[in-house]
Amino acid sequence: MTQLEHTRKGFSEALVEIGQENENVVVLDADVWPSNKLKLFIDKFPERYFQVGIAEQDMIGIAAGLSFCGKIPFTSSFSVFTPGNCFGQTRLSVGFTNANVKICGSHSGIDFGKDGGSAQSIADIAISRALPNFTVIVPCDYFETKKAVHWSARIKGPVYLRFGRSKWPVLTNFESRFEIGKANVLRPGCDVTVVGCGSMVANALKAAKILKNELDVQVINCHTIKPIDKTTLINAAKDTGRVVTAEDHSVIGGLGSAVSEVLAEHYPVPMRFVGVKDRFGQSGAPDELYKEYGLTPKHIVKAIRKLV
Amino acid sequence: MKDYKKLEKMSKQIRIDALKMISAANSGHPGGSLSAADIITVLYFYEMNYKVDDPDWPDRDRFILSKAHCCPALYAAMAHAGYFDIKDTLKFRELGSPFQGHSSKVHLKGIETSGGLLGQGLSVAIGIALAGKLDKKKYQVYCMLGDGELDEGQVWEAVMSASKFRLNNLTAIIDSNKIQLSGKVKDIKPLNPLVDKWKSFGWNVIEINGHNFKKIIWAFKKAKKTKHKPTVIIANTVKGKGVKFMENKWEWHGKPPDQDQLKKALSELK
């Protein structure tokens, strides 16, 4: 059985690692350190940790100011709050100024679960992706989240890093390839391609397994939403001729939109979009919500069947 | 330059150049540029340490113009300080110009952040002040806000942060000209008691006449000597100051003067 682990754990461990490597790394927190497991960093580097309270707009602005003086600020909150509650600050103080700020949003998508629809971020990829200068990363597991933090510290410029609340299947390992802007083909196949990000990569692999006796399903982990890996996507469309996208996010503006923008221009093929279909979430266990909102492996299978 | 006559002369010139820029662009914000001119003059010609040939000098004092629509006054001050030629600023608001409609860090060296959405500057100033503390730098951070801008909730988040982090290297200045885009501050969203508000948030508060050079200089000096807390200078100013027909009129918040009006305004300032 696949091991499960928190992406938040990867986030917090990596912050300590980059904090050790680079004394310019600072962490800002909007009152969520227990949720995002920041104790490790706080204990080790108390002078480089800034608790700003439940004030995401202020936090993003302060981070921008710190970055203008050579610091590498990582802001920590839930993705519904950052960038959700501070779009104007994310846009101007960080995006417009091309500030070296890393906005890290956990508890993404309807996977957040019982806190309900108001807390479930389903538009954060859309709004961050639309901002010039931003890199948008959605890792699929614990190891990728760790690597995404390391990469974010190395990239110069604004980053939005999105991860989850639940324990997600560990699909990669310490040595797996992870490069910003390069999607990974996790499973080769010639009949249809499923492009997933975040928690939905695991479900895409499960869908491929369900269909293994009838269809050869290619599965791509597209962890960087922006800049998106055009080459890998176009090659996949050429090889299989059919593409399904899968994300725990609205189908408007997220991974599916990003993939279709590339393919519509360069190599149009029939597509289906698995994601939240233009509705808000609600309270419930994550697995119940995935059933209700159409994000299970079975729903991906259904989308594939519609294409073939 | 603690020669008040010289400062006065400079601030007049800054007003003249700001109006010329706005007129050349046929677009911009004269009212707030004129109310802020005297304070900006003191900052650039008395108070701040900076090097025009090294705008990124790590030890420089920083000025954040949070009410960034009043950048014509800032551009004029920077030109006379030697950052660039005053003639260049006539490209204000033109395509490809570094003199953007709202001062922008990525377009012009010497600008410390990008403005245009009110309420954001003080948080950025706090970040710069925190970095100064971390790096044990001696620089001072100045941030000018409008009184209308205080409607923005982010300002009060920032007010709490600066106080929490005991940022005595941060001085906020309120250009309190009592008028915002569509009317009087007291009608749109009353701020009083403004001094008590800032005091209750843990700030050192100094209230002055924002057109009196002696008082402005004195206030900055007191701010720098304050220990363990940030200072706010509430500067009572006149919107449109120096041009009688613009004074205290919200209609001159964001309207350029026509040629006759410009002529009349410049003759008053000369």
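All figures in this text were calculated on a predicted structure; none of them were measured in a lab. A, B, ... follow the sequence lines: proteins, then strands. Residue 1 opens every chain. As a basis for the values below, the full set of heavy atoms in this structure was taken, side chains included, without hydrogen atoms, waters or symmetry mates.
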Using a 4.5 Å cut-off on heavy atoms from C-beta on, say whether the side chain of [Y] contacts that of [X].
X: B/Ser161; Y: A/Ile62; result: yes
X: A/Phe68; Y: B/Lys105; result: yes
X: B/Lys164; Y: A/Val52; result: no

For atom [atom1] of [X], decide whether the heavy atoms of other residues, nucleotides or ligands shown that lie under 6.0 angstrom number more than 12.
X: A/Arg91; atom1: CZ; answer: no
X: A/Glu179; atom1: CD; answer: yes
X: A/Lys230; atom1: NZ; answer: no
X: B/Lys222; atom1: NZ; answer: no
X: A/Glu265; atom1: CD; answer: no
X: B/Lys255; atom1: NZ; answer: yes

Supply the atom-to-atom distance A/Phe96 CZ to B/His102 NE2, rounded to the nearest 0.5 angstrom.
10.0 Å
Looking only at atom types and distance, does a side-chain atom of A/Gln57 sit under 3.5 Å from a main-chain N or O of B/Val155, one as donor and one as acceptor?
no
Can you tell which part of [X] gets under 4.5 Å to a heavy atom of chain A, answering side chain, backbone, both or neither?
X: B/Asp56; answer: neither
X: B/Leu134; answer: side chain
X: B/Val106; answer: side chain

For chain B, find which of A/Ser67, A/Gly88, A/Ala64 contributes the most heavy-atom pairs closer than 4.5 angstrom.
A/Gly88
Against chain B, work out which of A/Asp58, A/Ile60, A/Leu66 has the most heavy-atom pairs shorter than 4.5 Å and name it.
A/Asp58
Contact part of A/Gln51 toward chain B, heavy-atom cut-off under 4.5 Å: side chain, backbone, both or neither?
both
Output, in order, the C-alpha distance, side-chain angles, deciding distance and verdict of side-chain contact (heavy atoms from CB on, under 4.5 Å) for B/Gln120 and A/Cys86.
CA-CA 11 Å; B/Gln120 297 198 18; A/Cys86 51; over 6 Å; no
Quick one: which of B/Leu117, B/Asp135, B/Leu122 has the most heavy-atom pairs under 4.5 Å with chain A, could you say?
B/Leu117
Which of B/Ile111, B/Val124, B/Thr113 passes side-chain contact (heavy atoms from CB on, under 4.5 Å) with A/Thr97? It is B/Thr113
